[in-house]
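Reminder, nothing fancy here: chain letters follow the sequence lines and each chain counts from 1.
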Amino acid sequence: MTVRLRIAPSPTGDPHVGTAYIALFNLAFARRHGGRFVLRIEDTDRARSTPESERMISESLRWLGLLWDEGPDVGGPNGPYRQSERGALYRKYADELLEKGAAYRCFCSAERLDQVRKAQEAAKHQPRYDGKCRILPRAEAEARVAAGEPHVVRLRVPEDGFTSFADLIRGEVRIENRTVDDQVLLKSDGMPTYHLANVVDDRLMGITHVVRAEEWISSTPKHLLLYRAFGWETPQFGHMPLLRNSDRTKISKRKNPTSLKWYEAQGYLPEALVNFLALQGFSVPEGIEIFPFSRVVETFEFSRINTTGPVFDLQKLEWLNGEYIRKLGAEDLAQRLLPFARPGTSLETVRSILPLVQGRLKRLGEFQELTDFFFADRVEYEAGLLVPKKLEPARAVEGLRTFVQAYAAMAAPVATEIDREGRAIAERLGWKVGDLFMMLRVAVTGKTATPPLCETMVALGKDKVAARLDEAVRKLDGLARTAPSPAGQPQ
RNA sequence: GCCCCGAUCGUCUAGUCUGGUCUAGGACACAGGCUUUUCAAGUCUGCGACACGGGUUCAAAUCCCGUUCGGGGCGCCA
């Protein structure tokens with residue numbers, strides 16, 4: 001029998017990094033065993049589900065390369081893959097449960113339930129349905145339904161005994177039935193809740209392994225009870241650890257970026273993000289940290305999944321991303337960088353300055369601020385930055401003029417030539433080479449941290465460099481006039 | 001409050017199943033050195049953990065129990 005796994009996101013907002021995390025391992029297991037991977041949209045919450053959210057989820061999973069064999073957009077033999085399009089189905093199965101006595105109709109109002117819950121909470125008891133409608137005679141219930149009274153359908157959970165299952169990741173889990181609530185299966189709007197829809201669809205879609213987040217452990221008995229009530233064989237369950245904020249609470253957008261769109265916009269590479277996510281709770285036997293998704297597929301075992309919830313460490317992601325960027329081919333990088341360059345920038349331009357920044361980029365999104373001086377007409381900076389430490393502005397401008405002259409004399413300056421001249425001048429003036437180069441760096445780029453200066457000057461072109469050097473001379477002159485001494489103090 | 005899950009450096013982890021090779025290995029981060037025109041990158045070094053207590057055993061990070069701590073769940077959300 002071939003394995004079938006699924007990812008079942010709810011389209012209620014931005015595509016979540018946790019969705020990708022869970023999808024990744026479902027996909028890996030499916031591929032490892034030559035099985036199928038299904039995308040199912042759980043849009044039974046009419047108030048919160050949006051087509052826009054569904055679109056973004058598909059987009060983001062595709063962006064990451066976590067592709068599904070069956071789903072709402074690609075079709076498949078078990079559709080429809082959107083729960084909102086399967087409504088009649090769930091009602092049929094709810095009827096079956098009612099028929100079998102495994103579920104019952106509940107007419108309690110939201111207000112009453114609210115009151116009950118508040119009272120329980122005040123008494124420090126576990127909030128749960130008090131069972132008022134559980135004992136309603138079938139005939140009375142049917143009469144009230146016929147009269148059009150709004151109601152829900154609830155699962156009739158046994159009052160004693162326990163439900164247990166062998167978790168693929170954690171081993172035996174056993175929960176007392178008395179702690180399980182009579183869960184609503186069908187809402188008063190006729191839509192199923194997650195619990196019903198999930199079980200019915202997993203069954204109908206032939207899902208063999210349910211790999212989902214840890215937060216579902218306590219609802220698993222409800223699902224097991226449903227399978228049992230229907231007389232269905234149960235799939236295997238595996239509960240992944242939860243991604244965490246740095247305070248170890250469940251990852252949330254208040255404390256950590258969670259939208260996959262954010263990671264894309266920041267310029268994280270999809271393959272790096274996937275690699276990073278795989279590192280959260282999983283490791284390959286070789287112990288290396290940089291590996292492609294194919295390596296996850298080849299080595300995936302549930303026993304290699306850690307049970308502790310990993311703290312999502314952006315710093316490490318950043319490092320990994322930088323590693324991936326450095327390994328990218330120049331043409332590939334140029335293509336990926338283009339959308340991050342300022343509008344109107346040509347691919348040729350990106351290509352030409354790429355070698356200067358490739359090793360300095362941790363995110364594609366850093367490209368602009370790293371290279372803004374290439375595109376600006378003029379650069380802005382404090383004149384004081386031009387003055388080497390322990391040097392007076394008047395002396396500084398002297399050195400700068402010397403270089404300007406030498407530079408002007410170069411017909412078509414190349415990096416080695418600029419470097420040679422710079423060093424020679426520094427020596428003649430008795431300056432540290434670094435002091436002169438830093439002054440030039442500020443003059444040419446407006447920054448104190450840049451790609452290698454000589455190469456940068458070549459890439460910038462002689463005209464631009466000359467103009468910026470002249471501007472720097474003017475700034476230094478001004479400084480020398482207003483602050484003859486003590487020197488080198490930026491105002 | 002009740003139920004469940006978990007516990008190795010600050011963080012991600014290897015080792016745990018199948019006890020000895022672990023004076024616990026790697027990576028990120030951090031600190032320092034080297035390299036160097038700056039910043040990165042690279043390289044070397046340093047810092048740094050088996051939560052605690054019992055038990056089993058010749059031997060425990062590893063098995064068992066308890067405690068503590070952390071997390072999750074307890075919706076007509078998923």
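Across all strands, Lys362(A) comes closer than 4.0 Å only to sugar-phosphate atoms, never to a base (heavy-atom distances). At the heavy-atom level, Gly281(A) lies under 4.0 Å from the strands shown only through sugar-phosphate atoms. Contacts of Pro9(A) with the nucleic acid, taken as non-hydrogen atoms under 4.0 Å apart, are absent. Among the atoms of the strands shown, base atoms are found under 4.0 Å from some heavy atom of Pro451(A). Nucleic acid contact class of Glu323(A) (heavy atoms, under 4.0 Å, all strands): sugar-phosphate only. Using a 4.0 Å heavy-atom distance criterion, Val152(A) is classed as a base contact. The residue Leu279(A) sits close only to the backbone: its heavy atoms come under 4.0 Å of sugar-phosphate atoms, none of a base. Counting non-hydrogen atoms under 4.0 angstrom, Thr448(A) reaches a base of the nucleic acid.
A donor-acceptor contact under 3.5 angstrom links the side-chain atoms of Lys316(A) to the base of rA27(B). Counting atom types as modelled, Arg170(A) pairs no side-chain N or O with a base atom of rC5(B) as donor and acceptor under 3.5 Å. Below the 3.5 angstrom threshold, one finds a donor paired with an acceptor across the side chain of Ser188(A) and the base of rC76(B). A donor and an acceptor atom never sit less than 3.5 Å apart when one is taken from the side chain of Arg128(A) and the other from the base of rC74(B).
Residue-to-nucleotide proximity on RNA chain B shows that, of Asp181(A) and Arg441(A), the 5′-proximal contact is made by Arg441(A). RNA chain B is contacted by both Lys222(A) and Thr12(A); Lys222(A) maps to the nucleotide lying nearer its 5′ end (nearest heavy atom per residue).
Between rC76(B) and Arg117(A), a contact under 4.0 Å exists linking OP1 or OP2 to a side-chain N or O. Applying the 4.0 Å criterion to OP1 and OP2 of rC12(B), one finds that Arg248(A) has a side-chain N or O inside that range. Between Lys187(A) and rC77(B) there is a side-chain N or O to OP1 or OP2 distance below 4.0 Å. For the OP1/OP2 pair of rG73(B) and a distance below 4.0 Å, the side-chain nitrogens and oxygens of Lys250(A) include at least one atom meeting the criterion.
The partner of rC74(B) is rG1(B), judged by Watson-Crick or G-U wobble contacts that both fall below 3.5 Å. Base pairing of rU21(B) is not made with any nucleotide, judged by Watson-Crick or G-U wobble geometry with both donor-acceptor distances under 3.5 Å. Remark: rC34(B) base-pairs with rG42(B). Criterion, Watson-Crick or G-U wobble with two distances under 3.5 Å. When Watson-Crick and G-U wobble pairs are counted only if both distances are under 3.5 Å, rG66(B) pairs with rC52(B).
Between Asp160(A) and Arg178(A) no salt bridge is recorded (no basic side-chain N to carboxylate O distance below 4.0 Å). We find that Lys390(A) and Asp435(A) are not joined by a salt bridge, their nearest charged nitrogen and carboxylate oxygen being 4.0 Å or further apart.
Going from atom NE2 of His239(A) over to atom CD1 of Ile22(A) covers 9.5 Å, rounded to the nearest 0.5 Å.
Taking atom CE of Met438(A) as the reference point, atom P of rU37(B) lies 12 Å away to the nearest angstrom. Spacing between atom NE2 of His195(A) and atom P of rG75(B) amounts to 9 Å, rounded to whole angstrom units.
No side-chain donor-acceptor contact under 3.5 Å links Gln183(A) and Tyr129(A). Side-chain N/O atoms of Tyr81(A) and Asp201(A) include no donor and acceptor closer than 3.5 Å. Between the side chains of Asn245(A) and Thr249(A), at least one donor N or O sits under 3.5 Å from an acceptor N or O.
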